Structure formats: structure tokens, C-alpha cells
Amino acid sequence: MDPLETDHEEIKMSADDWWKCGIVYQVYPRSFQDSNGDGIGDLGGIRARLDHLVSLGVDAVWISPIYPSPMADFGYDISDFCGIDPRFGTLDGFDALVQEAHARELKIILDFVPNHTSDRHPWFVQSRSARSDPRRDWYIWRDPAPGGGPPNNWLGNFGGPAWAFDPATGQYYGHSFLKEQPDLNWRNPEVRAAMYEVLRFWLRRGVDGFRVDVLSQIIKDAQFRDNPPNPDFIEGQDPFFRWLMLYNTDLPEVQPIVAEMRRVVDEFSDARSSRVLIGELYLPLARLVAYYGLNTEGMLEGVQLPFNFQLIATEWQAARIDRLVRDYEAALPAGAQPNWVLGNHDRSRIASRVGPRMARLAAMLLLTLRGTPTLYYGDEIGMTDVPIPADEVQDPFEKNKPGMGLGRDPERTPMQWSAAAHAGFTTGTPWLRLAADWPTRNVEAQSQDAGSMLALYRRLIALRRAQPALNRGNYEALDAEDEVLAYARSFEAQRLVVLLNFGATPAPISPALMPRQPIVLASTDPARAESIEGSLVLAPCEGVVLGAVDDKGPATR
Ligand code: GLC
């Protein structure tokens, strides 16, 4: 049987299929592809590289912010929610991108940043102009504490207090991130209405959904109480963790707002295709699943995909991940779509966290678990974190808290396309240095190499697309020995078994775990044969997807 070609009845398509059965790919636009030689990636570059995404086999592209911005936080400080920064292109270019992506059956997901604007946004310029300004209450203004100083002990994620003093009007404004990123006041209905219009602006232009930035922080305590001390805080740790974020994150009042956002995007869903919300939520499992928004009628009215970052945080051991997957599956409300993430523009790359061999196993895990996978650009060729010398640091996080290993430049280096100058990323000078391995680790070279990471990603994605058991099937935890993580995925009569050896020694697999008449549909080891002679022993860091010889799955999606 060729596992990539099935000849069965068509599965009924639903409007949610693209984000439930598909794969999301994150593009960090500054670093993906430059089309005008200024050393900064742009929309023209993304358009030129759409065929890479098609050949990879992903379904949707999430693009980090492309809006006009002073770039204090590289686009997460937005001065106009309804425009395109000239460094990235134009609105016409954006429309062309949507059209060209859709022509290739790729969906476009934008980044929506509701928590804050840039301090140069006209709303904030007005708001800070006078206490009596009609937009004053669009942001969070507070008087100094009784003895002077910030109104409370809240801290900014990027260092220092979450409050900046405005001498002209004698008050502090709140900023959860940089002082150049003042927080909007989501308790103000005018702010909510204006931000929902932003969503509609892009939905009318044809976008298919949004990744919503720091969703859990948009509502703050109405009384602005001090956060309590964190009993687990260790001296020397990032001082941000000195207090528990009890009063400025994940407050109950955020849930009705999430439901409002959802209703706005639902206005644009139709029978063929729904619009999606993906929430950025660094929360423990029990709190994370609340963002599906299970209501009293059993309906899910929150974000469809609350980002599940557990694989980024967890210890890289079979038993830990087994526990995690089981707990996550158990915590999901009925009908909720799971999702998994290995990396993003804020976290160390997977190949650096677990090493190059284990990164292949991680790819198989991500692409065979139940739930929507999100890939981070460059992970498909095994890109690693790049050490950035102090005088080349770009990220404000590193600049504000140097030497703590918090900087995010290492995982944001330019995409490595080819052996041409600057890896084919730009004809100019890249805004951030490239990894040293670009002459050999690049898309072009790996496309020629059947044993490459790219070949593995393509193979696994093709298998996932072809096999309903993988793209929509059930998940069944299996008990395996030692360092092996085992689970089955099934759809109707089809049952595939995934076996992942996290150990540094060969792992013999018990026949009880294997399908009858098993064949290898995919392995992280390019030399592994399809047929299994005798017993199966996985090499260190090897993973396999097993099917049965007579396995006939229904049609591809
Ligand atoms: C999110 C983004 C991060 C940004 C921050 C502030 O966490 O992913 O890159 O710096 O929000 O907007």
C-alpha cells in the first residue's frame, strides 16, 4: 500500500476542516524573505516563497505583525492597526498576498495585538494630551501612589514597573510590556468597538483568522490591587517573576470579551470555511482550556485554538510527554480541538532545546499527535538558535535585561533558503546575522537530500494529510517500556501506531504494541525499510509510524 494514496470514499468536508485537520506555519516576516534588498523580510518575500509552503504541505500561514510600527518591539508596538508598515509593503501588496495564497489553498492568519498599541498610535497621542481628552479612558491612567511612585507593584514583562509617568498630565499609564507599548483599557466599550472594527477591516480583506497576542492580559483588576509575592521565586531569576500575576492576568472578566471577539469573526464564517481565533496563552492546562469558552449550553464560544505551549516547557522525556498528552486530552472540553506547538518567535528553537537528532523525533511527535500543529519557520530545516554578539542585539528584551538569556534574536535569524549570498534571504545586509551553517543547512540543499530534515517534514506532513487517522482520528494512549512513547491514532477501521524512542539506547518493541502485519509508514531514520523482518528495535531517538499491510484508509482530505 502507498500510504500517501488512498482510494476510498470522499470524507465529508466541513467549514472547520482547514484549522482542525490542517497545519499552521508561522512566518516571522522580518526574517522570512526580503524582496527589496533592505535586509528586512517583507510581504513581497512571503509571496515569492508561497510555493515553499505548498511543497511543504501546510494549510495556513500565520504572519507576525506587519502593521505600521516604530518597531520598539519589532511590530508588536502598532501605530496603525489598519495599515501595512512600508518596510513590509503596501495594502495592495497585502491584498495580492491573500489572493495568491488563496489561489494555492493556503489560508492567511494575521496577528491581532489587542493588549496595547504603540505610544505613537494617534489614540495614545490623544489620550496623553490631557486628562479631559475624550480618549483619555482608552488607556489605563492612574494617579501616583499616595507617597508618590507607581500606583502598584505590577511589573512589565520586559523589565521595570508596568507603569510610566507622564509629567504633562501628572499620571501614570499602564504598560504590560515596554513603556512604548501602552495598554488599552478593554473595560471601555469604545475601545472594544474600535478593536472589533479592526478585526472586521482585515476580515473584509479576506483574512481567515487571527492569532491573538497576550490574550489573557487584556483585562486588569478593577481595583488595581498589588500582586502577592511568588513563594517559588528564586533570587537571580528574572525579577518579573517576583510577584504572582494574580491581578493582571487571566481575570474572569476576560472570558466575555473573548466571546465577543469570537462573535465578530463568526460574522465572516460561511458554510465553506470558518474564520479562526488562536489565543496566545502561557497558562497551566486547567486555565488554558477555559479559553475554549465552554458555556452553560455546552457550546464553545471562546477561541477555537488556545495555543498549547506545553511541549515548549516540558522536560523532554517519554514519561513526561506521555503524562502531558494524557492530561491535556483529559482536560479538553467536549468538542474542543487540541493543538500543539514546538516553537515560536519568543522561545528557543526546538533543534537547540533538544538537539538535532531529537528534533527529528519532535517533528514526528508534533505531526502525529491529535490536534492542529503549528510549525515555526525554519524548524523544517532544523535551524538552531544563533548566538548574537552584544553589539548586534536587536531585541529590547535582551537590551533591558542583558545576559539573562532572555533575548529572542537567536530564534529570529533569517530563513536559510540556498547557498547564494546571505542564504538567498536578501541581496542587502540582513537585519540580523545568519546562522553559520547556512551554506549547507538550507532549503535548496535539503530538497536534494532524502535524509534531510526537510525531507522528513515533507514526508510526515504528506502522511498526515493522506491519513484520516492522523489528521482527524482518535488518540489512544498506549503503555510502553522505558523511554518509548507510544500511542495509536484511529479513524473508522484504520488504526496507526506511533512509537517514539526518547532514549539514547536501542529500544525493542513488544509485539503487543504493534498492528497485525505491520509496515513502517514513516521513520525518522531514512534508512529504515518499510517491511519489518522479525522483531522491531528502534534506534536511539528513532520514531516510527506503523500501519497494517491491509490497512485501507478512507480518502485523503
Ligand atoms: C507576545 C509576542 C511577543 C511580544 C509580546 C508583546 O508575547 O509573541 O513577541 O513581544 O507579545 O506584544
Side-chain angles (χ1 to χ4, degrees), residues 24 26-32 41 62-81 85 109-121 124 139-140 154-160 162 164 173-184 186 195 198 210-220 238 240-241 245 248-250 254 277-283 288 291 303 305-309 312-313 341-349 374-377 385 393-401 404 406-413 431-432:
V24 179
Q26 180 189 357
V27 163
Y28 192 68
R30 263 187 108 73
S31 301
F32 198 58
W62 150 36
I63 308 172
S64 288
I66 47 179
Y67 318 107
S69 164
M71 301 288 167
D73 188 20
F74 293 109
Y76 283 95
D77 50 319
I78 298 168
S79 53
D80 174 4
F81 286 112
D85 191 282
I109 298 172
L110 288 184
D111 219 303
F112 179 54
V113 184
N115 181 70
H116 45 266
T117 69
S118 159
D119 60 349
R120 315 272 181 85
H121 194 295
F124 186 70
Y139 292 82
I140 299 174
W154 297 356
L155 296 176
N157 285 253
F158 294 148
Y173 63 87
H175 60 89
S176 301
F177 293 87
L178 298 172
K179 68 175 184 350
E180 292 84 359
Q181 293 168 295
D183 285 356
L184 282 163
W186 274 79
M195 292 302 277
V198 171
F210 301 90
R211 172 268 191 189
V212 188
D213 194 61
V214 289
L215 181 57
S216 62
Q217 291 187 42
I218 61 176
I219 282 281
K220 283 88 184 168
D238 179 355
F240 178 72
F241 296 109
M245 289 176 74
N248 53 352
T249 195
D250 192 27
V254 76
L277 286 178
I278 308 175
E280 189 207 19
L281 297 155
Y282 285 94
L283 293 174
L288 177 67
Y291 285 75
V303 297
L305 299 173
F307 255 147
N308 167 11
F309 297 126
I312 296 182
V341 180
L342 285 178
N344 59 35
H345 64 295
D346 296 325
R347 294 289 185 271
S348 169
R349 282 190 182 269
T374 298
L375 312 185
Y376 183 49
Y377 86 93
D385 294 344
V393 166
Q394 305 281 335
D395 183 17
F397 205 177
E398 177 67 29
K399 287 183 178 168
N400 288 358
K401 301 185 188 183
M404 298 189 74
L406 298 171
R408 300 165 297 176
D409 293 331
E411 61 265 24
R412 295 176 177 179
T413 59
W431 74 282
L432 194 58

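Both ligands and their constituent atoms are indexed starting at 1 by order of listing. Only heavy atoms go into these numbers, but all of them, side chains included; no hydrogens, no water, no symmetry mates. For this chain, numbers begin at 1 and follow the sequence in order. Remember, it's a predicted structure, so these values are computed and weren't measured experimentally.
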S.K.: Out of the candidates L215, L277, L283, L281, only one should pair with P306 under the side-chain contact (heavy atoms from CB on, under 4.5 Å) rule; please name it.
M.R.: L281

S.K.: Should F158 be listed as contacting ligand 1, given a heavy-atom distance under 4.0 Å as the test?
M.R.: yes

S.K.: Could you check atom 8 (O) of ligand 1 against the protein and tell me its nearest heavy-atom contact, residue, atom and distance included?
M.R.: D346 OD2, 2.4 Å

S.K.: In the protein, which heavy atom is nearest to atom 10 (O) of ligand 1, and how far is it?
M.R.: D73 OD2, 2.5 Å

S.K.: Determine whether the side chain, the backbone, both or neither of R211 has a heavy atom under 4.0 Å from any heavy atom of ligand 1.
M.R.: side chain

S.K.: Working note: K220 + N115, criterion side chain to side chain contact (heavy atoms under 4.5 Å, CB included); need CA distance, chi angles, decisive distance, verdict.
M.R.: CA-CA 10 Å; K220 283 88 184 168; N115 181 70; 2.8 Å; yes

S.K.: Against F307, only a single residue in Y282, W62, Y291 fulfils ring pair (Phe, Tyr, Trp, His ring centres under 6.0 Å); can you say which?
M.R.: W62

S.K.: Heavy-atom contacts with H116 under 4.0 Å: which atoms of ligand 1 show up? List them by number with element.
M.R.: 6 (C), 12 (O)

S.K.: Please identify which atoms of ligand 1 are closer than 4.0 Å to at least one heavy atom of R408.
M.R.: 3 (C), 4 (C), 9 (O), 10 (O)

S.K.: With respect to R408, which candidate in D73, D385, N344 satisfies the side chain to side chain donor-acceptor pair (under 3.5 Å) definition?
M.R.: D73

S.K.: Examine distances only and state if a side-chain atom of Y376 and a backbone atom of V341 form a donor-acceptor pair shorter than 3.5 Å.
M.R.: no

S.K.: Among protein heavy atoms, which sits nearest to atom 5 (C) of ligand 1, and what does the distance come to when rounded to 0.1 Å?
M.R.: F177 CE2, 3.8 Å

S.K.: Is the shortest side-chain N to carboxylate O distance from E411 to R347 below 4.0 Å?
M.R.: no

S.K.: Give me the atom names and distance for the closest heavy-atom approach of P114 to W186.
M.R.: O-NE1, 2.6 Å

S.K.: Which residue owns the protein heavy atom closest to atom 1 (C) of ligand 1, what's the atom, and how far is it?
M.R.: D213 OD1, 2.7 Å

S.K.: Identify the closest protein heavy atom to atom 7 (O) of ligand 1: which residue and atom is it, and at what distance?
M.R.: E280 OE2, 2.8 Å

S.K.: Side chain or backbone of R412 under 4.0 Å from ligand 1, or both, or neither, by non-hydrogen atoms?
M.R.: side chain

